[in-house]
Amino acid sequence: MSVQCVDIKFKEYDAELNACVNQKSLRGGQRVQAHMIKTRYLPHTYLGGRLIVLYMKCGCFDGARMVFDEMPERNVVAWTAMISGFTKSGYYIQALHLFLQMLRSGTNPNEFTYATVLTSCTNAFEFECGREIHSLIVKSPFESHIYVGSSLLDLYAKSGKIHEALVVFEGLPERDVVSCTAIISGYAQLGLDKEAVDLFCKLLREGIGFNYVTYACVLTALSGLAAFEQGRQVHGHVLRSQQSFYVVLQNSLIDMYSKCGHLVYARRIFDKMPERTVISWNAMLGGYSKHGIGEAIVDLYNKMREENKINADSTTLLTVLSGCSHGGMEHIGLKFFDEVALKCGVDLGIEHYGCVVDLLGRAGQLERALQFIKKMPFEPNAAIWGSLLGACRAHQNFRVGKIAGGHLLETEPENAGNYVMLCNLYASDGRWDEARKVRQLMKEKAVMKEPGKSWIEFGQTLHTFYAGDRSHPSKEEVLSKVRELSDRIKAAGYTPDLSSVLHDVDNEQKEKVLLGHSEKLALAFGMMNISEAKPIRIMKNLRICVDCHSFAKFVSQVYSRELLIRDKSRFHHIVNGMCSCRDYW
DNA sequence: GTAGGGTTAG
């Protein structure tokens with residue numbers, strides 16, 4: 001056979017295989033492969049690479065492996081196609097093993113290999129391995145390659161090393177939409193929402209053209225901040241720039257509006273969606289759950305079942321369960337667990353069982369909750385014991401409370417909040433000796449809790465207050481407004497709940513500490529600045545304390561103001577002295 | 001030929 005003949009055949013095979021890859025036609029590819037074998041056309045390294053891509057794309061790992069094993073010589077493309085195939089299908093560890101074999105075989109990785117293998121490290125949480133690969137990359141010229149760099153900065157960001165991610169980002173000779181999105185997403189995923197939004201704004205001013213992934217990331221960050229005005233502006237950008245993958249963006253928008261306390265906007269988007277994914281349903285259900293609107297959750301879940309297009313996943317089940325709990329529908333939630341969640345074939349995690357403990361706790365069935373914990377197929381964690389202890393305090397059950405508290409302090413001895421909860425349980429029954437012992441234990445073992453922080457949107461800006469704050473420009477006016485509110489609501493029956501104060505000081509000092517709580521500062525600021533016709537919307541990083549909750553209820557009643565307070569786990573919608581949480585959170 | 005970033009829950 002002449003050289004020319006081989007060339008013509010090669011071109012034909014190449015074109016046919018290329019078409020098969022584009023159409024994802026495994027059968028077509030296998031026909032070409034069979035023909036190549038029949039005509040004894042020696043498998044060319046190049047065509048072998050194409051076949052591997054095709055097999056991998058169709059999820060046929062054995063086929064890809066066979067081609068790979070039978071190749072007379074394996075070049076970097078063949079290795080990379082194999083590694084990439086495993087990575088794209090979620091088999092990260094296999095991808096990493098193959099990469100090691102590649103190094104041992106003496107084949108040098110290229111920028112394609114490094115980009116994909118770093119993704120595998122990130123997704124497999126093999127951050128140390130990623131760091132070692134980074135040191136290999138440093139010796140090659142690929143560190144400043146934009147694909148390798150994006151993958152590398154993503155690895156650092158996802159392992160919590162945002163500073164190192166930033167060093168990689170700033171070392172890139174050029175920036176594009178993916179590298180910029182990776183760093184924004186890095187901030188957002190670490191909860192550094194403000195930093196994510198600031199960087200987004202800066203890059204936007206620099207003229208980077210963003211796409212749907214970037215907008216989804218920044219909307220997540222804005223959800224965290226509950227920055228409604230900015231969220232609305234981003235929504236405008238999204239509409240004007242006619243982004244593709246609009247479902248993903250609509251999902252993010254539903255979440256953003258829900259978490260900003262604007263459920264009506266969220267539902268409007270949901271209702272108009274031409275197509276929905278399970279995330280769309282979960283986001284909308286999550287909105288109702290956080291707002292404690294139990295009936296809406298059940299209605300929406302039923303609608304999802306009736307449409308019969310999308311199956312519930314483990315998040316759906318979790319959201320419905322926690323929604324029933326937040327929405328005061330304990331019995332419906334428990335029935336849902338037994339009749340739906342356990343039977344629908346979806347794998348349940350410890351969080352689902354945690355919701356059941358919460359539901360039983362709210363229903364006052366504490367002995368039953370304890371038995372449930374003993375029988376569940378998971379080792380109980382701090383969240384489970386904490387939930388039970390909280391319920392014991394609300395229902396004044398000391399027997400179960402003591403058991404839950406003991407386990408809680410064993411599981412999570414560093415969390416000061418746990419000691420406070422147990423201490424309060426003892427104090428509410430006048431068991432001062434036991435309360436004092438717990439307090440002593442806390443001094444020895446617990447670390448300082450995260451400082452309380454509340455914020456409120458006014459004039460397109462987020463105004464942030466910390467507990468005992470001295471940093472806000474109008475701190476004096478705000479503090480004197482808090483005192484004014486306190487005096488006025490005391491006349492209507494409010495008494496400060498001094499048990500919420502950790503410090504060992506006299507009652508007068510305790511009251512002073514309470515008046516400095518961040519949510520009271522934010523509330524006073526809202527009362528000073530937000531027009532009476534509008535509800536006051538406040539965000540808090542921790543759970544709202546008992547005293548601030550009661551304070552807010554009295555303010556809503558005495559001043560006829562509608563308040564919407566979002567704490568770490570839910571919304572408290574307070575109108576005329578009543579809260580949507582029914583005083584259980 | 002082979003490559004990088006994403007949305008819900010906890």
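Within every chain, numbering begins at 1; the chains are lettered A, B, ... in the order of the sequence lines, protein sequences first and strands thereafter.
Taking atom CG on A:Leu222 and atom C1' on B:dT8, their separation rounds to 17 Å, with Å as the unit. Computed from coordinates, the A:Asp567 CG to B:dG10 P distance equals 12 Å when rounded to whole Å. Between the P atom of B:dG1 and the CD1 atom of A:Ile52 lies a distance of 15 Å, rounded to the nearest Å. Rounded to a whole Å, the OH atom of A:Tyr147 is 11 Å from the C1' atom of B:dG5. Rounding to whole angstrom units, CZ of residue A:Phe378 and C1' of B:dG10 are separated by 13 Å. The distance between atom CG of A:Leu51 and atom P of B:dG1, rounded to the nearest whole Å, is 16 Å. Between A:Glu351 atom CD and B:dG10 atom P the separation is 9 Å, expressed in whole Å. As a whole-Å value, the separation of A:Met71 CE from B:dT2 P is 14 Å.
For the OP1/OP2 pair of B:dG10 and a distance below 4.0 Å, the side-chain nitrogens and oxygens of A:Lys290 include at least one atom meeting the criterion. Checking the phosphate oxygens (OP1, OP2) of B:dG10, no side-chain nitrogen or oxygen of A:Ser569 falls inside 4.0 Å.
Of the candidates B:dT2, B:dG5, B:dG4, the closest approach to any side-chain atom of A:Ser84 belongs to B:dT2. In this structure, the nucleotide among B:dG4, B:dA9, B:dT8 sitting nearest to the side chain of A:Asp176 is B:dG4. Nearest to the side chain of A:Val177, among B:dG10, B:dT7, B:dG5, sits B:dG5. For A:Asn75, counting side-chain heavy atoms from C-beta on, the closest listed nucleotide (B:dG1, B:dA9, B:dT7) is B:dG1. Each of B:dG1, B:dA9, B:dT7 was ranked by its minimum atom distance to the side chain of A:Gln189; first place goes to B:dT7. Side-chain proximity of A:Thr119 to the nucleotides B:dT8, B:dG4, B:dT7 is greatest for B:dG4. Checked against B:dA9, B:dG5, B:dG4, the side chain of A:Thr319 finds its nearest nucleotide in B:dA9. For A:Arg50, the side-chain atoms get nearest to B:dG1 when compared with the rest of B:dG4, B:dG5, B:dG1. Nearest nucleotide to the A:Ile279 side chain, out of B:dT8, B:dT2, B:dG10: B:dT8.
Counting non-hydrogen atoms under 4.0 angstrom, A:Lys158 reaches the backbone sugars and phosphates but no base. A:Leu17 comes within contact range of no nucleotide atom at all, as no heavy-atom separation falls under 4.0 Å. Across all strands shown, A:Thr277 has no heavy atoms under 4.0 Å from either base or sugar-phosphate atoms. Residue A:Tyr215 is out of contact with every strand shown, counting any heavy-atom pair closer than 4.0 Å. Within the 4.0 angstrom heavy-atom criterion, base atoms lie near A:Ser179. Residue contacts for A:Asn110: at a heavy-atom cut-off of 4.0 Å it reaches a base atom on one of the strands shown. Contact annotation for A:Val278: no contact, since no heavy-atom pair falls under 4.0 Å across all strands. Residue contacts for A:Gly286: at a heavy-atom cut-off of 4.0 Å it reaches no nucleic acid atom on any strand shown.
Of the residues A:Arg50, A:Arg65, A:Gln30, the one that meets the side chain to side chain contact (heavy atoms under 4.5 Å, CB included) test with A:Tyr55 is A:Gln30.
Evaluation of atom-type donor-acceptor distances gives no pair under 3.5 Å for the side chain of A:Asn211 against the base of B:dG6. Judged by atom type and distance alone, A:Ser151 does not reach the base of B:dG4 through any side-chain donor-acceptor pair under 3.5 Å.
A donor and an acceptor atom, one from each side chain of A:His145 and A:Tyr114, are nowhere located under 3.5 Å apart.
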**Request:** Under the side chain to side chain contact (heavy atoms under 4.5 Å, CB included) rule, what do A:Lys11 and A:Lys9 come out as? Steps first, then yes or no, please.
**Result:** CA-CA 5 Å; A:Lys11 279 186 179 166; A:Lys9 263 201 150 165; over 6 Å; no
**Message:** Pair A:Thr113, A:Asn110 - check side-chain hydrogen bond (donor to acceptor under 3.5 Å, both in side chains), show working.
**Reply:** CA-CA 5 Å; A:Thr113 330; A:Asn110 62 12; 2.8 Å; yes
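Salt-bridge check for A:Glu330 with A:Lys335: failed, with every basic side-chain N at 4.0 Å or more from each acidic carboxylate O.
By the 30° and 60° cut-offs, the orientation of the rings of A:Tyr212 relative to A:Phe245 is parallel.
A distance below 6.0 Å separates the ring centres of A:Phe337 and A:Tyr353.
Of the residues in residues 236-271 of chain A, those lying under 4.0 Å from DNA chain B by heavy-atom distance are A:Val248, A:Asn251, A:Ser252, A:Asp255, A:Lys259.
Listed by first and then second residue, the salt bridge (Lys or Arg N to Asp or Glu O under 4.0 Å) pairs that reach into residues 176-196 of chain A are A:Lys194-A:Asp198, sequence neighbours excluded.
Stacking of A:Arg570 on the aromatic ring of A:Trp585 is not recorded, the 6.0 Å distance cut-off and the 45° axial limit not both being met.
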